[in-house]
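Source: prediction; values computed, not measured. In what follows, chains carry the letters A, B, and so on, assigned in the order in which the sequence lines appear, proteins first and then strands, with residues in each chain numbered from 1.
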2 protein chains.
Amino acid sequence: MSMPLTRSVRPIAPALHRLSRLATLDNASITALADAVARPQQFRPRRDLMVEGRDIASPHLILSGWAARVRILLDGRRQFLNFLLPGDIVGLYHHRRPVAPTSIITLTEVTTCVPPELGTLPALDEAYAIAHAMDEAYLLAQIARLGRMNAMERIGDLMLELHERLELSELTHGRSFDLPITQETLADALGLTAVHVNRMLQAARRAGDLIWSSRSMTIPDPKALARKVGRAQIKVTAG
Amino acid sequence: MSMPLTRSVRPIAPALHRLSRLATLDNASITALADAVARPQQFRPRRDLMVEGRDIASPHLILSGWAARVRILLDGRRQFLNFLLPGDIVGLYHHRRPVAPTSIITLTEVTTCVPPELGTLPALDEAYAIAHAMDEAYLLAQIARLGRMNAMERIGDLMLELHERLELSELTHGRSFDLPITQETLADALGLTAVHVNRMLQAARRAGDLIWSSRSMTIPDPKALARKVGRAQIKVTAG
DNA sequence: CGTTGGGTTGACAATTGTCAATGGCCGTGG
DNA sequence: CCACGGCCATTGACAATTGTCAACCCAACG
């Protein structure tokens, strides 16, 4: 905490922690990751990491901060497709000349680096594959959320998902986590309006389901909430 | 059309046609595919190809018929995550012991086969990678549809997507295609109720946007409809 | 201090869902 | 051949959820 080296490594620890949990990484993989992390890139809030339809200049491994994949309709309606949290990887594909399927925008100050290439380190490839499968699982969860849950359930379900994901990188504090976004951003992720999200958040607080103040979201009783919104666990490999 | 051999090959041609379009396949890949296709599996409607949370017994390459990935909430609400059409591949992952992220259910009579393994034929791997990227792009489209489009737009957008996808396997007839599902199935894919889908389909017909009768869906003016629902093209590789 | 971005509130409108009933079509069995 | 049942599509009346618009508050900040 007081040593300079520690200080500089600290903020990126969660991202690496999560990646190294997905598969058993050998020394070569860890070295490659350390090299990658040594060349961080900084982005201010509301900057594009990628633009839909353009070639992907380079993939990103999120080291700190929040970003989101976004799709904008012609008349300006906006839908966030998923959130990108520390440890998440985007733009890594197995085929030539990949085109970004969506734009990616930073929601907060964000640090990224270029992850080690696919196909050079088997252990890392395995981690990538698992990370990718989890991404897909969360996209599927998002579809069910938007298609079949009401506003209250969507909010609860998303908060549980975020808590679960942040836990993997040890970015939670017990039943709380930092939620550095606005209600409008939340609305765009949930397919609702900011006004309605506001009302539902108040209802959730009255019901004792969710308490959000000064950027800290608390889920007093995750299990009870999970039951209430009818939520299943995300699981990607057996055993 | 009259030769026995032709007759038996015919129904699976669309699936192979689409796959071979994604990347340039060498002879080894084509042979491997032909071998795979020679061992078809048949499924009646409403059968599970996979069950959420269970190990994936084997991946499937859809040769004919329609299936869907589905998620069911605790109280029975059902959401179809995407449709699986001839040429689509499911359950092929780069990591060990993959667990099915969702159940897959046949909507019609379906024929599948086990696609050649990943990592043995580079040309085929490239096709798999592109197919997978397209899958992902369609999932993202589904999210935007459910999150930010109204009922009318969702229907139009989905019909355009289905037409576009079926065109890749030459399963369209000009501006028409076979839509072998019920309005309730459509509703479960669109996050709506069957009653509302019914009303919107009638409105679409009155507006001249969509004409659906005896399983044949016609889009009189695809470009106009695309403009009306604010739809973009799906593109996965550059050039 | 004035400005600005986010959050909050109220009144009202639009969209979508619910429930219940009806009719057509088709295959089965008598 | 006809009666029956089942599935699907259709309709109407009504309710619930969510959106829209406009105003206001408040804290942060230059």
Side-chain angles (χ1 to χ4, degrees), chain A residues 44-46 66 73 75-80 105-109 145-158 178-207 210-217 228-229, chain B residues 44-46 66 73 75-80 105-109 145-158 178-207 210-217 228-229:
Chain A
R44 318 238 48 221
R46 298 158 190 267
W66 286 40
L73 303 196
D75 61 358
R77 280 176 286 179
R78 182 170 75 162
Q79 177 66 43
F80 286 127
I105 186 175
T106 57
L107 301 173
T108 67
E109 185 99 6
R145 199 152 44 219
L146 295 176
R148 282 298 180 226
M149 289 184 174
N150 64 31
M152 198 66 240
E153 294 167 327
R154 285 185 211 179
I155 294 176
D157 187 66
L158 179 59
D178 185 43
L179 187 60
I181 59 178
T182 67
Q183 292 185 359
E184 182 167 6
T185 299
L186 207 45
D188 283 340
L190 293 168
L192 300 169
T193 59
V195 171
H196 200 57
V197 164
N198 180 291
R199 294 196 235 264
M200 293 299 106
L201 281 170
Q202 291 177 56
R205 166 189 292 265
R206 283 194 298 273
L210 293 172
I211 299 164
W212 188 17
S213 69
S214 59
R215 293 198 9 173
S216 176
M217 172 63 77
K228 191 177 286 193
V229 305
Chain B
R44 318 237 46 222
R46 297 157 189 268
W66 286 41
L73 303 196
D75 61 359
R77 279 174 286 179
R78 181 169 76 163
Q79 177 66 43
F80 286 128
I105 186 175
T106 57
L107 300 174
T108 66
E109 185 99 7
R145 197 152 46 218
L146 295 176
R148 283 296 180 226
M149 288 185 174
N150 63 32
M152 198 65 241
E153 293 166 328
R154 285 186 212 179
I155 294 176
D157 186 65
L158 179 59
D178 185 42
L179 187 60
I181 60 178
T182 67
Q183 292 184 1
E184 182 167 7
T185 299
L186 206 46
D188 283 340
L190 294 169
L192 301 168
T193 59
V195 171
H196 200 57
V197 165
N198 180 289
R199 293 197 234 263
M200 293 299 105
L201 281 170
Q202 291 177 57
R205 166 188 295 265
R206 282 195 298 274
L210 294 172
I211 298 164
W212 188 18
S213 71
S214 59
R215 293 197 12 172
S216 176
M217 172 63 76
K228 192 177 284 194
V229 306

Sorted by position of nearest nucleotide on DNA chain D, 5' first, the leading residue of B:Trp212 and A:Ala151 is B:Trp212
In whole angstroms, the gap separating C1' of D:dA9 from CG of B:Leu186 amounts to 13 Å
In the 5' to 3' direction, the nucleotides of DNA chain C bounding the stretch that comes under 4.0 Å of a heavy atom in chain A are C:dG6 to C:dA11
Checklist line | Phosphate-side-chain proximity, B:Gln202 and D:dT11, N/O vs OP1/OP2 below 4.0 Å | finding: yes
Rounded to whole Å, CD of B:Glu184 lies from P of D:dG6 at a distance of 17 Å
>> Test side-chain contact (heavy atoms from CB on, under 4.5 Å) on B:Leu186 and B:Trp212; report intermediate values, then the result.
In response: CA-CA 13 Å; B:Leu186 206 46; B:Trp212 188 18; 4.0 Å; yes
Practice item. Please lay out, stage by stage, how A:Met217 and A:Leu210 fare under the test side-chain contact (heavy atoms from CB on, under 4.5 Å). Key: CA-CA 7 Å; A:Met217 172 63 77; A:Leu210 293 172; 4.0 Å; yes
So CZ of B:Arg78 and OG1 of B:Thr185: to nearest 0.5 Å the spacing works out to 5.5 Å
Yes or no on side-chain contact (heavy atoms from CB on, under 4.5 Å) for B:Arg77 and A:Glu153, after CA distance, side-chain angles and deciding distance? CA-CA 13 Å; B:Arg77 279 174 286 179; A:Glu153 294 167 327; 2.8 Å; yes
From CG of B:Leu179 across to P of D:dA9 the rounded distance in Å is 10 Å
Q.
Given 3.5 Å as the limit, does a donor-acceptor pair link the side chain of B:Arg44 with the main chain of B:Thr106, or not?
A. no
(request) Check the pair B:Ile105 / B:Phe80 against side-chain contact (heavy atoms from CB on, under 4.5 Å), numbers first and verdict last. (result) CA-CA 10 Å; B:Ile105 186 175; B:Phe80 286 128; 4.0 Å; yes
DNA chain C nearest-nucleotide lookup for B:Leu192 and A:Arg46: closer to the 5′ end is A:Arg46
As a check of understanding: the bend across the helix from C:dC1-D:dG30 to C:dG30-D:dC1, end axes from five pairs, rounded to 10 degrees, works out to 30°
